[in-house]
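This chain uses plain numbering: 1 for the first residue, then up along the sequence. Counting starts at 1 for both ligands and their atoms, in listed order.
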Amino acid sequence: MPYKTHGSGRPQRSASSFRRGRPQGGGRSGGARKKGPQKQYIHPSKFVNKAVTKEAEAPYEPKHVFADFPFGAELHANIRAKGFEKPSAIQDQAIPEIIAGKDVIGLANTGTGKTAAFLLPIIERMSGIMLRPSVLIVAPTRELAQQIDEEFRAFARGMGLYSALIVGGVNVDRQLRDLKRRPHFIIGTPGRLKDLIERRHLQMKNMGVLVLDEADRMLDMGFLPDIRRIVSEMPKERQSLFFSATITPDIEALVHDFLTDPVTVSVRTTETSDHVEQDVIEARDKAHKIELLGELLAQDGYDKVLVFGETKFGVQRLSDHLSNAGHPSVAIHGNKNQSQRQRALKQFKDEKVKVMVATDVAARGLDIPNVTHVINFDTPQTYSDYVHRIGRTGRGGAHGRAHTFIDQQ
Ligand code: ADP
Ligand code: MG
């Protein structure tokens with residue numbers, strides 16, 4: 001399959017630093033790829049973008065304040081306790097549709113509050129309802145499922161609502177115990193959910209709400225058969241919600257298998273976050289990239305840096321190398337077990353280390369506060385992966401920077 005050219009001739013805001021068309025060798029530097037789909041060709045100009053300065057940006061004026069939403073007193077108090085003052089654009093526009101009982105496709109840039117956009121109205125709906133379990137939330141990665149669960153707990157505090165986190169890679173006994181308590185919300189990843197449904201530990205027949213978070217990612221991670229299996233056990237009469245930062249046409253077609261007559265709420269502005277200043281760095285080869293990365297990390301302001309690499313081994317090696325070179329670093333990738341992944345993420349979140357080197361497993365949805373820089377040590381497979389990677393910085397209106405290494409001519 002030839003490389004797809006992507007966005008050539010598309011006007012660029014600040015691509016003037018480019019003097020050439022394609023990077024040498026189509027942007028590959030590591031020899032033959034072992035497996036998986038062939039890498040998409042992404043024109044380097046797509047990795048360049050000046051961030052919109054805060055002054056220049058017209059702030060979104062929500063049509064609602066949280067008090068307009070028909071939530072109970074506890075939920076309003078929990079929203080205040082979280083420090084939320086005004087609804088974000090996606091919350092402003094999706095919450096009324098969800099309250100009205102519609103199926104919703106919610107599209108909004110990364111870091112703009114999609115989690116609360118679906119959690120708040122369904123938490124309100126479930127309060128005082130005895131039927132359990134009632135809500136199924138499916139997310140592509142364990143970390144993301146856990147993060148949704150944490151946000152759920154904060155919003156549902158004191159409301160008598162319970163959740164179970166059903167993810168792979170951890171011992172199942174505790175999950176089975178949690179399920180026996182008949183939680184209202186089941187939050188999990190596709191593989192383990194399917195497993196427990198097939199072993200008859202998890203009943204889908206009372207589920208009234210389905211949420212697919214980062215669903216396009218789940219579908220391109222190959223979870224479609226699992227998701228179909230899970231959804232086939234759910235009642236047809238249900239509310240289904242799909243949230244993502246990106247949606248491709250083939251996924252949009254698939255979505256209609258899971259949603260009934262959905263309303264699309266799209267508040268995406270640009271393809272990438274406006275708050276992330278993006279640039280490329282040319283390097284001759286891998287050794288040169290490592291050298292340049294070391295120089296960057298030695299500079300002021302590189303305080304919390306997320307580095308993306310392509311392979312599990314490459315990521316681990318790079319992280320070890322950086323630690324040895326005086327830049328405390330952890331790695332997160334699929335060769336680590338769940339508790340190792342969690343420990344690494346926590347060390348990075350808590351700023352015990354300066355650098356986290358990750359495969360794309362960490363790219364989607366994770367909300368890590370104050371990431372100063374995202375560095376694409378290896379270019380992403382697809383532009384959509386790029387958008388998600390750099391969405392880990394510049395969150396909640398903060399300013400972030402992204403650098404992408406490309407081959408030097
Ligand atoms: P997304 O899923 O769109 O990538 P998240 O739901 O992870 O974004 O939210 C990003 C961050 O913004 C989180 O830390 C969240 O608590 C915070 N946040 C969400 N909505 C609001 C709001 N209305 N006001 C203030 N902070 C918010
Ligand atoms: Mg999200």
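- Considering only heavy atoms from C-beta on, E310 stays 4.5 Å or farther from F377 through its side chain.
- Atom numbering of ligand 1 starts at 1 in the shown order; those under 4.0 Å from a heavy atom of T115 are 2 (O), 5 (P), 6 (O), 7 (O).
- Checked against R238 for a side-chain contact (heavy atoms from CB on, under 4.5 Å), the options V135, V231, L136 give a single hit: V231.
- Ligand-side atoms of ligand 1 in range of K86: 22 (C), 23 (N), 24 (N), range being under 4.0 angstrom from any heavy atom.
- In this structure, R389 does not pair ionically with D385, as no charged nitrogen and carboxylate oxygen lie closer than 4.0 Å.
- At a 3.5 angstrom cut-off on N or O pairs, K114 counts as close to ligand 1.
- Outside the 6.0 Å centre-distance limit, the rings of F155 and F71 are not counted as a close aromatic pair.
- Every N/O-N/O distance between T110 and ligand 1 stays at or above 3.5 Å.
- For Q147, no nitrogen or oxygen atom sits less than 3.5 Å from a nitrogen or oxygen atom of ligand 1, counting backbone and side chain alike.
- Residue contact annotation: I90 has no non-hydrogen atom under 4.0 Å from ligand 1.
- Shown in contact with T112 at under 4.0 Å from a heavy atom are these atoms of ligand 1, numbered in order with element: 1 (P), 3 (O), 8 (O).
- Taking only nitrogen or oxygen atoms, main chain and side chain alike, F84 does not reach within less than 3.5 Å of ligand 1.
- Residue N109 has at least one heavy-atom neighbour below 4.0 Å for each of these atoms of ligand 1: 3 (O).
- Residue K346 places its NZ atom among 12 or fewer non-hydrogen atoms of other residues, nucleotides or ligands, all under 6.0 Å distant.
- A side-chain contact (heavy atoms from CB on, under 4.5 Å) with Q342 is found for exactly one of E143, Q146, R142, namely Q146.
- Near S88, meaning under 4.0 Å from one of its heavy atoms, ligand 1 places the atoms 23 (N).
- If you check the side chains of Q316 and D320, you find a donor sitting under 3.5 Å from an acceptor.
- No side-chain N or O of T372 forms a donor-acceptor pair with one of D303 less than 3.5 Å apart.
- Nearest-residue assignment for atom 1 (P) of ligand 1 (options A245, A116, G111, A117; heavy-atom criterion): G111.
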